[in-house]
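Chain letters run A, B, ... following the sequence lines, proteins first and then strands; every chain starts at 1. Computation of the quantities below employed the complete heavy-atom set of this structure, encompassing side-chain atoms and omitting hydrogens, waters and symmetry-equivalent molecules.
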Protein chains: 2
Amino acid sequence: MMSVAKESARAKRDTGTLGKLMVLLDLVSHADGPMRFTDILEVTDQPRGTLHRQLSHLVEEGLLEIDTDGRYLPGLRLLDLASRSWGRNEFRVMAEPHLRALQGLTGETVHLGVLRGTSIIYLDKFEGQQPVRMYSQIGNASPVYCTGVGKAALSILPEVRVKALLEDISFHRFTANTHTAQSLLAEVEEIRKLGHAFDREEHEVGIRCVAAPIWSENLSLVGGVSVTGPAYRLTMEKLSQWAGPIQEAAARIMEAMRIGLGPRR
Amino acid sequence: MMSVAKESARAKRDTGTLGKLMVLLDLVSHADGPMRFTDILEVTDQPRGTLHRQLSHLVEEGLLEIDTDGRYLPGLRLLDLASRSWGRNEFRVMAEPHLRALQGLTGETVHLGVLRGTSIIYLDKFEGQQPVRMYSQIGNASPVYCTGVGKAALSILPEVRVKALLEDISFHRFTANTHTAQSLLAEVEEIRKLGHAFDREEHEVGIRCVAAPIWSENLSLVGGVSVTGPAYRLTMEKLSQWAGPIQEAAARIMEAMRIGLGPRR
DNA sequence: CCCAAGCGTTCCATTATGTGGAACTCAATT
DNA sequence: AATTGAGTTCCACATAATGGAACGCTTGGG
């Protein structure tokens, strides 16, 4: 019965029960605040009994929690699991000293990110001591098309993969400078030649950055390192001056991991 | 068939498929390094086909990843999920300024932790600028019985709950000073009177700490704040001097959350 | 060069598990 | 007291997980 006609371009394999639960976990995790049972019910459009049991199981495992008003929140068990994933991440560990050095050199915030799907996940961050602070957190996933690290990462991928990736993205216009599919493709070509990428207030007004790509030879790892800060302090000129040091830091990180030894692309 | 004779004291409710997958996730996350298929197979003692599908589903959802040698690692999706759980945690947010102040006052590392089951999960940490660094990470779960925050938390729970909790613990002797069930119960009684707890190198040789409990009136939240550092710098005398400020910080955090307004216990 | 062993993957009949409609409880409201 | 809304429990049924077996692929002897 129920023949499956629709075949999505990037057919997501079915993970059965787990897949359904992950949808809920994502929903609650990414919500702006605690969600009531009914809130979840109307979004997911499932029978009440089913939803109730699913949530109960997630709570039972500590992946979700219920506050005193009976609303659902992400659970702390996630923190425990994630801290292991983070603590042992080889890329992050190898990069750490170089990130510190870069932070010391520039005095601004340094990020390490890795490409996962159509997002950049930030693996580490070293903040400057300057009073102005930006919202940015380790573990956060940001769209690839409006971050320096994201664009740097794209510049490493072969064009076919970039185009395939763009298919899966819905472009949201965060600022007046945010890229569209066309303009992004053009800039990535540019970045490929330059060896580094700028974020000219494309994600958040008043925030600029420079980034350099980091990749393994077989492209199993693609990411980058960036220096970020407020536009009033980080003129484009200053950013350009830092492009060299950042590319050098990226090179040292790749060397430390003994990857990317071949010539560029 | 297969009648269930054994009824554990604290019967863990069955979470079906999810429960089985979480066992795997825990196993891989808490392992010392990447695990091969066969490693997992012999620990979990499941049919190969079953295990293979379970792992595939976890990988498909990004909860696990496979390295180039085909070994399993915790996945970065966990980081994304956890960062939300952390970023929005009300307790952590309310406590932050007070933790910073305490860090400034003492110059040593300040931790915020919360009781979850028989563990303390560290929600936040502010490091001193001193050169000696300790291994400790946000999100890490440590046993209640050998951390300052853990013992402080226990001192808030009614004795019956403490005893029930001890039932579920298997005491591991980390150092010569690590507590046993008996000595722990006795010290908790002491802490109840004092209002603060010490860790006298009970978890790690050379590391001491002072902690004060934080709790909500209905005990839906039980945790604490601590100041930790190397024994050579933190004499017991110095720790005692800080007990006051730490208890005051804890009081201010509770006030900020409008909890624990009633008299102690 | 061929065989065996180790490791991982796929298949499919069987069975455990999740599903969802409906009935039920408990508060808050009218 | 009746009504509505929110959450929970129940159970016949449908679906997804199970696990034994067979299948590939690589590695290393003999």
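C:dT19 atom P lies 11 Å from atom CG of A:Leu55, rounded to whole Å. If you measure from atom OH of B:Tyr72 to atom C1' of C:dC7, you get 11 Å, rounded to the nearest angstrom. Here the P atom of nucleotide C:dT9 and the CG atom of B:Leu41 are 12 Å apart, to the nearest Å. Atom-to-atom, CD1 of A:Ile40 to C1' of D:dA6 comes out at 13 Å; the value is rounded to the nearest Å. We find that CG of A:Asp69 is positioned 16 Å from P of C:dA27, with the value rounded to whole Å.
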Verdict with reasoning, A:Val28 to A:Leu24, per side chain to side chain contact (heavy atoms under 4.5 Å, CB included): CA-CA 6 Å; A:Val28 175; A:Leu24 293 179; 5.5 Å; no
Could you walk me through whether A:Val114 and A:Leu221 pass the side chain to side chain contact (heavy atoms under 4.5 Å, CB included) test, one step at a time? CA-CA 7 Å; A:Val114 65; A:Leu221 171 71; 3.5 Å; yes
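By the neighbour-count criterion of 12 heavy atoms within 6.0 Å, atom CD of B:Glu90 is sparsely surrounded, having that number or fewer from other residues, nucleotides or ligands.
In this structure, A:His52 does not reach the D:dG7 phosphate: none of its side-chain N or O atoms is under 4.0 Å from OP1 or OP2. Taking 4.0 angstrom as the limit, A:Thr38 places none of its side-chain polar atoms (N or O) nearer than this to OP1 or OP2 of D:dG5.
Listed by residue number, the members of residues 23-37 of chain B with any heavy atom below 4.0 angstrom from DNA chain D form an empty set.
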Protein proximity profile, nucleotides 16-22 of chain D - base contact B, sugar-phosphate-only contact S, no contact -, cut-off 4.0 Å on heavy atoms: SSBBB-B
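A distance of 11.0 Å separates CG of B:Asp80 from OG of A:Ser85, quoted to the nearest 0.5 Å.
Between B:Arg252 and B:Glu255 there is no salt bridge, since no side-chain nitrogen of the basic residue lies less than 4.0 Å from a carboxylate oxygen of the acidic one.
For A:His203, the ring pair (Phe, Tyr, Trp, His ring centres under 6.0 Å) partners two or more places apart in sequence, or in a different chain, are A:Phe174.
Of all heavy-atom pairs between A:Ala211 and A:Ser226, the closest is CB-CB, 3.7 Å.
No hydrogens or angles considered: a donor-acceptor pair under 3.5 Å links the side chains of B:Glu61 and A:Thr15.
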